Amino acid sequence: MATTPTPSPPPPTVPPKPSWDPHAGSRPNPLLRPTIRIRLTLLYGGMFLIAGVVLLTIIYLLAAQALHVGNELPFKLVGGSVQPTNNTCPEIIGQSSPDQFNAVLNTCMKEQRQLALDGLLRRSLIALLGLSVIAFAFGYAMAGRVLSPLGRITRTARQVAGSDLSRRIELDGPDDELKELADTFDEMLERLDRAFTAQQRFVANASHELRTPLAINRTLLEVQLSDPQASPELVQLGKTLLATNERSEQLVEGLLLLARSDNEIVDRKPVDLAEVASQAMEQVRAEAEDKGVDLRGQRAPAVVQGNGVLLERIALNLVQNAVRYNVAEDGWVEVTTESRQGQAVLVVANTGPVVPAYEMDNIFEPFRRLRTERTGSDKGVGLGLSIARSVARAHGGRIAAEPREGGGLVMRVVLPV
């Protein structure tokens with residue numbers, strides 16, 4: 001007996017999207033939001049109102065005093081005779097006729113009112129000047145308080161410019177335009193931090209993963225070259241492959257060091273650039289003697305706070321480039337260090353081919369060489385100056401190159417003490 005198949009249940013449908021915004025109720029009314037415009041309007045409007053009330057009160061008191069002084073009679077009757085009450089109207093004594101007495105009295109009253117008005121004007125100007133000073137000082141203090149978040153944002157941006165992407169503003173306070181700007185800036189920094197971290201992690205992981213096969217290749221080639229029964233053609237091929245493998249290892253090491261040196265150095269220790277430069281010159285001395293290049297220069301003590309291994313890498317890369325890109329005869333490399341005006345300076349100058357000035361910025365780019373192909377040079381992998389610039393920036397310094405008169409370059413590294 002055949003059984004009819006039971007129909008399968010219909011697939012679950014996607015629930016409909018709600019037509020209401022769950023966050024709509026939490027949004028403040030734009031008219032009630034304490035924005036910077038509303039706060040500044042209330043602040044300066046209140047200051048203007050307070051200043052007006054104070055100034056009006058002062059003028060009212062001064063005007064009342066002026067009216068009192070201006071309407072005071074300049075004489076009084078004592079025992080049937082007229083005596084002046086102040087020094088503004090001494091001529092009123094001795095006037096016999098009423099017409100002369102009234103004329104002198106009117107003149108005295110006008111002078112007294114004029115003196116009262118002059119006193120009112122003088123005191124009003126003094127009061128206005130004092131109130132203006134108080135208003136400017138109070139306005140300056142209030143403006144600094146309102147705009148203080150901008151200073152915090154600026155300081156954080158300056159710290160981020162020093163390759164410290166872990167910094168955040170985390171501004172608290174009213175939900176105004178400045179807090180919105182700070183929150184947006186924090187979100188941007190978070191995304192940049194994740195992007196840079198992912199990039200550095202990728203380069204580091206790729207470099208580590210490439211080390212293992214390169215090490216295996218080097219071991220196999222060295223074992224094959226150590227075989228006494230190997231043919232000359234096989235030995236030559238092995239040496240060529242071994243040189244190519246060594247170049248690949250240098251490239252991997254350079255990429256790993258470049259990824260590590262992009263961040264600002266946190267763990268700093270005293271390092272003498274003179275000692276670092278001397279160590280680099282000793283490592284390159286054998287190569288310099290083979291090429292007939294003379295190493296020279298005076299190295300004065302110049303102590304900085306940084307990472308000794310990375311700083312030695314700067315000196316080593318610069319000295320190696322100066323030796324390798326030199327003239328065939330009577331070449332020299334001069335390495336000097338000094339400390340001046342709160343800065344430590346490392347200078348590496350060398351003889352060599354003439355370098356045009358417009359090529360100065362390009363030589364710091366990765367895998368860039370002057371008038372050579374990217375992969376056709378046996379003088380390095382093209383990362384030396386890029387690593388030097390990255391390490392200098394991580395220490396808060398800078399590196400600059402300028403063509404030397406007669407050929408060659410002058411590389412100058414400036415680091416804060």
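Please read all numbers here as calculations on a predicted model, not as lab measurements.
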Hey, can you pull the donor-acceptor pairs under 3.5 Å for the side chains in residues 120-132, sequence neighbours left out?
| from | atom 1 | to | atom 2 | distance (Å) |
| --- | --- | --- | --- | --- |
| Arg123 | NH1 | Gln65 | OE1 | 2.8 |
| Ser124 | OG | Leu120 | O | 2.6 |
| Ser132 | OG | Leu128 | O | 2.7 |

Name each donor-acceptor pair under 3.5 Å that joins a side chain in residues 215-222 to protein atoms two or more places apart or in another chain, with its distance.
| from | atom 1 | to | atom 2 | distance (Å) |
| --- | --- | --- | --- | --- |
| Asn217 | ND2 | Pro213 | O | 3.3 |
| Arg218 | NH1 | Glu249 | OE1 | 3.2 |
| Arg218 | NH1 | Glu249 | OE2 | 2.1 |
| Thr219 | OG1 | Ala215 | O | 2.9 |

query: Can you check side-chain contact (heavy atoms from CB on, under 4.5 Å) on Val345 and Arg340, steps first, answer last?
result: CA-CA 8 Å; Val345 183; Arg340 58 185 180 186; 3.7 Å; yes
task: Any chance you could lay out the side-chain contact (heavy atoms from CB on, under 4.5 Å) test for Asn326 and Lys291, step after step, and finish with the verdict?
output: CA-CA 9 Å; Asn326 215 302; Lys291 293 181 174 293; over 6 Å; no
task: Apply the test side-chain contact (heavy atoms from CB on, under 4.5 Å) to residues Leu316 and Gln320: give CA-CA distance (whole Å), side-chain angles for both, the deciding distance (0.1 Å), then the verdict.
output: CA-CA 6 Å; Leu316 181 60; Gln320 279 183 342; 3.8 Å; yes
message: Test side-chain contact (heavy atoms from CB on, under 4.5 Å) on Asn317 and Ile387; report intermediate values, then the result.
response: CA-CA 8 Å; Asn317 289 349; Ile387 294 173; 3.9 Å; yes
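Residues Val410 and Val347 meet the side-chain proximity criterion, which asks for heavy atoms closer than 4.5 Å. His395 is listed as a side-chain neighbour of Leu310, based on a closest heavy-atom distance under 4.5 Å. Contact annotation: the side chain of Val417 never approaches that of Val303 to less than 4.5 Å [non-hydrogen atoms, C-beta and beyond]. Considering only heavy atoms from C-beta on, Val335 comes within 4.5 Å of Met281 through its side chain. Contact of the Asp227 side chain with the Leu234 side chain is not registered, since no non-hydrogen atoms from C-beta on lie closer than 4.5 Å. Using a 4.5 Å heavy-atom cutoff, the side chains of Ile399 and Met411 are in contact. Gln305 places none of its side-chain heavy atoms less than 4.5 Å from the side chain of Val271. Two residues are said to be in side-chain contact when any heavy atoms from C-beta on lie closer than 4.5 Å; Arg168 and Leu189 meet this criterion.
The heavy-atom pair separating Ala302 from Glu338 by the smallest distance is CB-O, 3.6 Å. Residues Ala300 and Thr337 share a closest heavy-atom pair of O-OG1, 2.8 Å. Closest approach of Phe364 and Arg389 over heavy atoms only: O-NH2, 3.4 Å. Here the closest non-hydrogen pair linking Ala288 and Val323 is CA-CG1, 3.8 Å. Between Leu415 and Ala392, the shortest heavy-atom distance links the atoms CD2-O, 4.1 Å. Between Leu318 and Val413 the shortest heavy-atom distance is CD1-CG2, 3.6 Å.
No donor-acceptor pair under 3.5 Å is formed between the side chain of Thr351 and the backbone N or O of Gly331. Side-chain atoms of Asn245 do not come within 3.5 Å of backbone N or O of Leu241 as any donor-acceptor pair. For Ser226 (side chain) and Val223 (main-chain N/O), a donor-acceptor pair under 3.5 Å exists by modelled atom type. Between the side chain of Asn350 and the backbone N or O of Tyr325, at least one donor-acceptor pair lies under 3.5 Å. For Asp272 (side chain) and Pro301 (main-chain N/O), no donor-acceptor pair under 3.5 Å exists by modelled atom type. Between the side chain of Thr240 and the backbone N or O of Gln236, at least one donor-acceptor pair lies under 3.5 Å.
If you check the side chains of Glu312 and Gln283, you find a donor sitting under 3.5 Å from an acceptor.
Rounding to the nearest 0.5 Å gives a distance of 10.0 Å between CD1 of Ile314 and CG of Asn307. For the atom pair CD1 of Ile50 and CD1 of Ile134, the computed distance is 12.0 Å after rounding to the nearest 0.5 Å. With rounding to the nearest 0.5 Å, the separation of CG in Leu295 from CD in Glu282 is 8.5 Å. Rounding to the nearest 0.5 Å places CG of Asp186 at 9.0 Å from NZ of Lys179. Atom CZ in Phe138 sits 5.5 Å away from atom CE in Met47 (nearest 0.5 Å). The distance from atom CG of Leu237 to atom CD of Gln224, rounded to the nearest 0.5 Å, is 9.5 Å.
We find that Arg299 and Glu275 are not joined by a salt bridge, their nearest charged nitrogen and carboxylate oxygen being 4.0 Å or further apart. Between Asp290 and Arg285 no salt bridge is recorded (no basic side-chain N to carboxylate O distance below 4.0 Å). Taking a cutoff of 4.0 Å between a charged side-chain nitrogen and a carboxylate oxygen, Glu187 and Arg191 do not qualify as a salt bridge.
Scanning for side chain to side chain donor-acceptor pair (under 3.5 Å) contacts around Glu287 gives Arg324, with sequence neighbours left out.
Residue-environment remark: CD (Gln343) exceeds the threshold of 12 foreign heavy atoms within 6.0 Å.
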